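Scroll down for the structure; my scribbles are underneath it.
Just so it is clear, the model here is predicted, and its values are computed rather than measured. A note on names: the letters A, B, ... follow the listed sequences, proteins ahead of strands, and every chain is numbered from 1.
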2 protein chains.
Amino acid sequence: MSETRWLDPLETRAWRGLMCAHARLVAQLDAELLASSGISLPDYEVLVHLSEADSQRLRMSELALRLEISPSGLTRRLDGLVASGMVERVQCPEDRRGTFAVLTELGAERLEAAAPAHVAQVRRWFVDRLTRDQLCALADAMASIIAGSGACSSSEVRAS
Amino acid sequence: MSETRWLDPLETRAWRGLMCAHARLVAQLDAELLASSGISLPDYEVLVHLSEADSQRLRMSELALRLEISPSGLTRRLDGLVASGMVERVQCPEDRRGTFAVLTELGAERLEAAAPAHVAQVRRWFVDRLTRDQLCALADAMASIIAGSGACSSSEVRAS
DNA sequence: GAAACTTGCTTGTATATGCAACTATATCAC
DNA sequence: GTGATATAGTTGCATATACAAGCAAGTTTC
């Protein structure tokens, strides 16, 4: 075992900065989204993915991959969204084990109502703090990390 | 209310990329750390912060700020670390409401044992995927975001 | 210096989220 | 086709984490 190569100051700054910035952004955006539209950030992300999908529906397994959460986590998250009428479960006709999560009319409306304020907050706390070059460098850097990490749900980052 | 200015492709790529890369990194590193040393990533972070502090101790409130978690979350996290003997609680003599979390001998040993493998994994999944320029751009970008967001526990990012 | 307020931490409670086990269906091997 | 295996999703259980309320010790106000 060779001598450990510790992180130098720049590496540390980048690593801790990433963790800290993420925590701040998520806390801020979740709180604001909940206050402005009564939808949590995780729920919002479900709605966004469904709204972008063909026929506004995705298989549970595919949705879990895109959201980076466990299947069981998604089951429970969907329970909540179904209870509030924003999503429906529809059995997949080709594979009767499978279930589609389908965005409802109400879900689409709630999303449409929530989105402008949320996007404005993403701008405020994230996009507007960075130059165009920084955004580009950041996007490339994140793509490298994602490409290096396990099974990349292909559509995760390239989409829209 | 003006027309919503949606995120353009680059902005979206940066934003989603950040969320996705973070999720991947945390999942990967937590699993590996737990497997290699039986310490969870959140616990490891507590140990790191204490090890870097003067006299290997920090007030609960300060530690919670640095870790970006709630006071109650820290109380419970510390309960676990105290139970496993890696941290002690010591009443603050100047302010008897206050408590110091103090790294124990055992905690320092466990941290020292865990650190090399963990740092190697941070290199593997994060540092090594980026060029020096990317690391620098990332560190600066994250610093801008953190500076823009609420009360920055001053030491969070500049330290080490 | 006592009442009102603030601060530091913990505890009650609610919600979230993952792993492992389970059920149901599909696919493969022969 | 029947048994073995694999896959999709859900559920039991354990753990995590936050908010709000509570308690104890400082601080301020008068």
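Sequence order on DNA chain C of the closest nucleotides to B:Leu78 and A:Arg76 puts B:Leu78 first from the 5' end.
Closest contact between the side chain of B:Arg96 and the listed nucleotides C:dT25, D:dA25, D:dC19 involves D:dA25.
Under the side-chain contact (heavy atoms from CB on, under 4.5 Å) rule, A:Asp43 has a single partner from A:Ile39, A:Leu41, A:Leu47, which is A:Ile39.
Using a 4.0 Å heavy-atom distance criterion, A:Leu74 is classed as making no nucleic acid contact.
The CG atom of A:Leu41 sits 19 Å away from the P atom of C:dT15 (whole-angstrom rounding). Distance B:Ile39 CD1 to D:dA16 P: 14 Å, rounded to the nearest Å. When the P atom of D:dT17 is taken as reference, atom CG of B:Asp79 falls 13 Å away, rounded to whole Å. Spacing between atom CG of A:Leu63 and atom P of D:dT10 amounts to 11 Å, rounded to whole angstrom units.
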Under 3.5 Å, which donor-acceptor pairs do the side chains of residues 109-121 of chain A form with other protein atoms, sequence neighbours left out?
unit_1	atom_1	unit_2	atom_2	d
A:Arg110	NH2	A:Ser37	O	3.2
A:Gln121	OE1	A:Trp125	NE1	3.2

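The other members of the hydrophobic cluster of B:Val102, by chain and number, are B:Val90, B:Phe100 (side-chain heavy atoms under 4.5 Å, ILVMFWY only).
Scored by the side-chain contact (heavy atoms from CB on, under 4.5 Å) test, B:Ala141 finds A:Leu130, A:Gln134 as partners (sequence neighbours excluded). The side-chain contact (heavy atoms from CB on, under 4.5 Å) search around A:Asp128 returns A:Arg123, not counting sequence neighbours. By the side chain to side chain donor-acceptor pair (under 3.5 Å) test, B:Ser70 pairs with B:Ser72, sequence neighbours left out.
Contact check, A:Arg77 against C:dT17: a side-chain N or O comes under 4.0 Å of OP1 or OP2.
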*Base, backbone or nothing for each nucleotide of nucleotides 1-9 of chain D, written B, S, -, heavy atoms under 4.0 angstrom, 5' to 3'?*
-----BBSS
